[in-house]
Amino acid sequence: MENFTPIASLIGGILIGISASAMLLFNGKIAGISGIVAGLLSPTKSDTLWRATFVAGLVAGGLILKLLSPQGFEIGVVRSGNAFAFAGLLVGFGARLGSGCTSGHGVCGISRLSMRSIVATVTFIATGAAAVYIVNHLLGGGL
Amino acid sequence: MKALLISFVSGGVFAVGLGIGGMTQPAKVIGFLDFAGSWDPSLAIVMIGAIAVHSVLYRVIRNRPSPLFSPTFSLPTRTDIDARLVGGAALFGVGWGLAGFCPGPALTSLVSGNLPAVIFVVAMIAGMYLYKLIEVLRLRQADAKNKSTASRLVASASPVRRSHDDY
């Protein structure tokens, strides 16, 4: 547990909770990032701008982080470009098939006590842990 | 306009939360998923913090008749556990564990100058397109089937499109 950052992670989590709550209070929307992005792939007149501005906000937030603490973007693991491409494909496809990702199911859905989100979150943590076990303990840590 | 400003600022706050929480570092995400190695519980603390805040505020906000800048709340309504939910989450988890990225942190990392984040986001969007393509083909097939039975079963055979709850 030498890399554990409880205080920073708690502050980060609180900010995420505030962001999700603001989206609900003001706009009536769930801050599920895969759903917000996927909605941009089938653009409709009334439903595109808020999605695009949310994603632009994410990227802008990334820029602020980059300026304040560039070390916050350290990859820290050995993965080839192909490994990242394969993983991205699985994440994009899986998030749509499973109706959500870590933000939608893991944060918003669990907060709403949605059984679907609880099942999805337990499932992706379990298969994620299995993938990590295989890479770290059977394949030597790199891909 | 006000609603769009909220979306932009919320996206920004979300990204900063991910960054401060350490979630834009794939090694920390993989460290959380590595239960057999040197486990890093940081991701769990991020989730607990976010859920603690949102689960309270969610209930307060839902007592309102409507959101402030929009006529209605758009909330998922499905409650059934089906194979698509579990299968999709399972695939998602494998990708998440392999790269240490999920959609939010990957988008937040787009301007970090890290090529892996760019590769991941492009592939992720391709995966979403692939899903959409398969879904369109599937619905078209279902429609064709429904039309052929509709000629026998009068007009009752309207195609039932299962709405996905869009997280």
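Every chain is numbered from 1, with letters handed out A, B, ... down the list of sequences. Computed from a prediction, not measured in an experiment: that's the story for all the values here.
- Contacts between B:Asp34 and chain A at a heavy-atom distance below 4.5 Å involve backbone atoms as well as side-chain atoms.
- Only the side chain of B:Lys28 comes within contact range of chain A, with at least one heavy atom under 4.5 Å from a heavy atom of that chain.
- Contacts of A:Phe26 with chain B are made by both backbone and side-chain atoms, with heavy-atom separations under 4.5 Å.
- When A:Ile64, A:Leu58, A:Ile33, A:Leu63 are each tested for a side chain to side chain contact (heavy atoms under 4.5 Å, CB included) with B:Thr108, only one passes: A:Leu58.
- If you measure heavy-atom distances from A:Ala83 to chain B, you find no contacts under 4.5 Å at all.
- In this structure, the side chain of B:Ser55 does not engage the main chain of A:Ser111 through any donor-acceptor pair within 3.5 Å.
- For A:Arg79, the part sitting under 4.5 Å from any heavy atom of chain B is the side chain, from C-beta outward, and nothing else.
- Considering only heavy atoms from C-beta on, A:Leu25 stays 4.5 Å or farther from B:Pro67 through its side chain.
- Looking only at distances, a side-chain donor or acceptor of B:Ser42 sits under 3.5 Å from a matching main-chain atom of A:Thr5.
- With a 4.5 angstrom heavy-atom cutoff, A:Leu65 touches chain B only via side-chain atoms.
- Ring geometry, A:Phe93 versus B:Tyr131: the interplanar angle exceeds 60°, so the pair is classed perpendicular (tilted spans 30 to 60°).
- For B:Ser7 (side chain) and A:Phe54 (main-chain N/O), no donor-acceptor pair under 3.5 Å exists by modelled atom type.
- Proximity to chain B (any heavy atom under 4.5 Å) is restricted, for A:Val119, to the side chain, taken from C-beta onward.
- Among the candidates B:Thr24, B:Leu18, B:Val56, the residue making the largest number of heavy-atom pairs closer than 4.5 Å to chain A is B:Thr24.
- The aromatic rings of B:Phe101 and A:Phe84 lie tilted to each other, with the angle between the two planes from 30° to 60°.
- B:Phe35 touches chain A through its side chain: at least one heavy atom from C-beta onward sits under 4.5 Å away, while N, CA, C and O do not.
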